[in-house]
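Take a look at the structure below.
A note on names: the letters A, B, ... follow the listed sequences, proteins ahead of strands, and every chain is numbered from 1.
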There are 2 protein chains.
Amino acid sequence: MDSTLEEVAERAGVSRSTVSRVINAHPSVREATRARVEAAIQESGYRPHAVARSLATNRTHILGMVIPESVSRLFTDPYFPLMLRGATEACNSRGYQLILSLFTASVTPSVMHDRLARSGYLDGVVAANTSLDDGLIPRLLEDGIPFITVGRHPVDSVDYVDVDNVGGARMAIEHLLRLGHRRIGTITGPLSMTPAQDRLDGFRSVMVAHRLPLSERLVAEGDFTEAGGRAAMTRLLEEEPTAVFAASDSMAIGAIKAIRNANLRVPEDISVVGFDDVPSAVSIEPELTTVRQPIERLGQLAVEILISRIEGKGHDAVTTQRIVLPTELVVRKSCAEPPRRGGPRT
Amino acid sequence: MDSTLEEVAERAGVSRSTVSRVINAHPSVREATRARVEAAIQESGYRPHAVARSLATNRTHILGMVIPESVSRLFTDPYFPLMLRGATEACNSRGYQLILSLFTASVTPSVMHDRLARSGYLDGVVAANTSLDDGLIPRLLEDGIPFITVGRHPVDSVDYVDVDNVGGARMAIEHLLRLGHRRIGTITGPLSMTPAQDRLDGFRSVMVAHRLPLSERLVAEGDFTEAGGRAAMTRLLEEEPTAVFAASDSMAIGAIKAIRNANLRVPEDISVVGFDDVPSAVSIEPELTTVRQPIERLGQLAVEILISRIEGKGHDAVTTQRIVLPTELVVRKSCAEPPRRGGPRT
DNA sequence: ACCTCCGTTGGGAGCGCTCCCAAGCGTAGC
DNA sequence: GCTACGCTTGGGAGCGCTCCCAACGGAGGT
């Protein structure tokens with residue numbers, strides 16, 4: 001069971017090196033020898049010892065997925081599970097493993113970082129949705145470990161995969177405009193995170209392009225959670241918007257609750273657009289109009305690019321890789337034309 | 001940056017062994033020497049090479065979390081994220097790392113298994129919610145790798161952590177009985193999974209204890225998903241139950257939709273109880289009465305027990321560890337007294 | 001003054017694998 | 001028939017660390 005290369009070699013009557021060649025599919029092994037070795041491997045149930053191999057090759061085939069503490073709270077949101085699934089899928093098919101590093105309370109970021117990057121266990125790191133201020137990226141850069149971020153990062157040499165947050169937000173707002181809305185509010189994510197910034201930019205750029213009022217009072221910062229969306233919407237309500245763009249579906253769901261709580265209806269009194277298109281977007285009443293982003297694909301691509309960087313395939317190893325995936329507006333039932341002035345809404 | 005023990009030793013004017021002792025907090029190092037070595041470590045930015053250490057100690061401090069393919073579909077359910085978070089938390093505080101192994105389409109279970117257990121990278125495995133028929137447990141047993149399952153497993157020597165599914169189901173049904181329901185249906189999970197079996201057993205035992213009808217037609221098998229719950233409920237509707245116990249919140253939510261789809265109301269026409277108490281249980285209308293299980297705690301305990309087994313602390317190493325956590329009924333708004341016969345329901 | 005013992009320290013021998021270099025051998029070319 | 005070259009194969013030298021055993025020296029006991 002726990003046989004070693006040497007034992008297999010003896011059994012096959014060849015040397016350690018030859019067995020190693022067979023295992024690594026090295027071409028220069030005579031067919032007859034190869035067969036003999038393979039038989040010996042079968043018989044002994046031999047499996048290469050990954051740790052020993054890693055020590056010799058300086059490769060572990062293990063990737064780290066880092067999720068900063070601030071974000072791990074969102075873990076009940078399907079966003080991360082989906083991204084993880086994409087990442088895992090890619091790892092599986094490329095023969096890599098994924099270590100999950102959530103920054104939790106019991107451990108400081110720097111301990112966490114040491115354990116990760118400098119432990120020598122990781123061939124590369126996927127830094128998911130880091131916020132700009134957590135200092136993770138500079139450290140990774142300093143370590144020289146290959147990494148990629150999910151969500152754009154401003155530093156020049158950083159690889160990333162992202163979705164078109166600006167474009168998605170634009171589509172959402174344009175949809176609202178098309179329905180006749182003029183007084184549109186937005187609930188943003190935490191502005192230390194680039195996707196939140198970008199969605200807000202998209203919102204603003206459309207408003208500006210249409211010469212619409214862009215009061216800061218129509219912008220409420222949330223935290224991507226339902227509770228945060230609810231609180232933000234409650235504030236927004238005072239401004240009497242006829243439509244709201246929430247930067248995540250969870251926040252949109254929170255917003256709908258706040259609206260109902262104020263005895264208003266969605267979409268008759270206020271239209272709501274979300275972002276993400278998580279499964280529960282269709283579980284709620286009314287089904288949510290939202291911007292779909294390919295979350296699973298994002299995780300998958302991140303891993304694939306990271307691996308190609310690690311393995312140094314072609315020019316991937318020198319060119320910074322930046323991929324932005326398109327987003328898509330999904331029209332459902334949470335938006336309608338704005339109420340007539342002085343109409344049903346008191 | 002990538003200095004070795006030897007280099008640090010030279011810098012401190014001691015031997016490799018002494019540096020090793022300092023790093024591993026071995027007591028027999030003179031204070032002065034220790035200080036000198038620590039300074040050298042600081043200066044050189046030395047970090048022990050985890051892989052080399054693992055090769056020498058035969059310990060990686062890496063655990064695997066295995067989630068079978070059939071279950072990874074549930075990934076949009078908050079169950080796994082929460083369990084993962086508990087597990088990660090425990091790993092973090094004990095200095096372990098967690099490798100996530102989802103069985104995905106691109107890889108067969110046996111390849112997956114080889115990669116895991118026999119790669120030598122894993123000190124132990126947490127097998128989450130395996131179904132009885134996927135053959136994972138026998139293989140782990142055969143390999144002799146330490147492991148624990150989340151959700152009870154019938155084999156004698158297997159460690160597990162579980163929640164009191166039977167008791168939880170009982171509480172749910174008794175609650176319904178107390179409200180006056182007699183014709184109660186249930187939507188089960190896939191019966192190849194022990195939690196699904198246990199919840200059904202709880203349902204049955206209460207029904208039997210109260211001498212209530214136990215028609216198989218009032219039992220519909222679902223798959224823990226919302227869509228499955230909806231389909232199962234649609235079938236159940238023909239039996240005209242006044243209440244339904246769904247073995248997961250997702251299925252309960254699906255059931256509510258099916259009920260509404262039939263132009264009936266929850267809870268006025270049909271009461272619904274779920275299981276899990278996921279966050280979205282309070283996001284829907286009406287808020288769901290459900291059985292709460294400590295999911296995060298489950299993941300955490302699984303890891304802690306696994307680690308104590310690996311490290312062979314005391315008798316933990318020989319006694320089978322089985323822990324069953326209590327569940328709790330959370331009464332919200334999805335249950336009411338049954339409609340009067342011939343009442344509003346046509 | 002000598003022996004013993006303990007607290008410290010150093011160095012060899014691996015852990016199981018890869019990689020490189022060299023050796024063995026058969027064959028083709030001259 | 002001899003040289004050269006290419007295909008195979010074997011074995012040494014690590015990868016960076018831990019662990020064990022031996023050695024060293026000073027303190028305490030007699």
Side-chain angles (χ1 to χ4, degrees), chain A residues 1-38 40-41 44-62 95 114-115 117-123 311, chain B residues 1-38 40-41 44-62 95 114-115 117-123 311:
Chain A
M1 179 123 264
D2 277 32
S3 44
T4 74
L5 252 199
E6 205 89 39
E7 287 165 37
V8 175
E10 191 173 356
R11 184 188 289 257
V14 297
S15 78
R16 207 178 37 182
S17 303
T18 302
V19 180
S20 174
R21 285 188 192 99
V22 170
I23 285 167
N24 296 301
H26 188 102
S28 74
V29 177
R30 194 188 305 158
E31 199 42 56
T33 315
R34 176 183 309 281
R36 205 146 32 94
V37 171
E38 266 159 5
I41 291 176
S44 58
Y46 169 78
R47 298 257 77 210
H49 190 299
V51 176
R53 180 181 273 182
S54 293
L55 182 60
T57 58
N58 205 24
R59 278 290 162 71
T60 59
H61 286 248
I62 298 180
D114 276 6
R115 236 184 249 165
R118 312 176 73 181
S119 74
Y121 257 131
L122 264 31
D123 281 351
E311 300 184 346
Chain B
M1 179 121 269
D2 276 31
S3 45
T4 73
L5 252 198
E6 205 89 40
E7 287 166 37
V8 175
E10 192 172 357
R11 182 189 290 257
V14 296
S15 79
R16 209 176 22 153
S17 304
T18 302
V19 180
S20 173
R21 286 188 192 98
V22 170
I23 285 167
N24 296 300
H26 188 101
S28 74
V29 177
R30 194 188 305 157
E31 201 41 58
T33 315
R34 177 184 309 281
R36 204 145 33 92
V37 171
E38 265 159 6
I41 291 175
S44 58
Y46 169 78
R47 297 258 80 207
H49 191 299
V51 176
R53 180 180 275 182
S54 294
L55 182 61
T57 58
N58 204 24
R59 277 291 162 71
T60 58
H61 285 245
I62 299 180
D114 276 7
R115 234 184 250 164
R118 312 177 71 182
S119 74
Y121 257 132
L122 264 32
D123 281 352
E311 299 184 346

Options D:dT9, C:dG10, D:dG10, nucleotide nearest the side-chain atoms of A:V14: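 Minimum distance to the A:V14 side chain belongs to D:dG10.
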Minimal non-hydrogen separation, A:R21 against A:V29, with atom names: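 That would be CB-CG2, 3.6 Å.
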Protein-nucleotides 23-27 of chain C N/O pairs under 3.5 Å:
none

When you measure from the side chain of [X] to the backbone N and O of [Y], does any donor-acceptor pair fall under 3.5 Å?
| X | Y | answer |
| --- | --- | --- |
| A:T60 | A:S54 | no |
| B:T57 | B:R53 | yes |
| A:S20 | A:R16 | no |

Under-4.0 Å side-chain N/O to phosphate OP1/OP2 contact, B:T33 with C:dT9: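 Answer yes for this pair, as a side-chain N or O of B:T33 is under 4.0 Å from OP1 or OP2.
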Net bend of the helix from C:dA1-D:dT30 to C:dC30-D:dG1, end axes of five pairs each, nearest 10 degrees: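 Terminal axis comparison yields 50°.
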Footprint string (nucleotides 15-24 of chain D, 5' to 3'): B base within contact, S backbone only, - free, heavy atoms under 4.0 Å: BBBBBB----
Gap between atom [atom2] of [Y] and atom [atom1] of [X] - 0.5 Å precision:
| X | Y | atom1 | atom2 | result |
| --- | --- | --- | --- | --- |
| B:E311 | B:H61 | CD | NE2 | 6.0 Å |
| A:L55 | A:H49 | CG | NE2 | 10.5 Å |
| A:S3 | A:E10 | OG | CD | 12.0 Å |
| B:T4 | B:R47 | OG1 | CZ | 14.5 Å |

Interatomic distance where NE2 belongs to B:H26 and C1' belongs to C:dT8 [whole Å]: 9 Å
Spacing of B:E10 atom CD relative to C:dG10 atom P, expressed in whole Å: 13 Å
Min side-chain heavy-atom separation A:R11-A:S44 under 4.5 Å: yes
Contact check, side chains of B:I23 and B:L5, non-hydrogen atoms, under 4.5 Å: yes
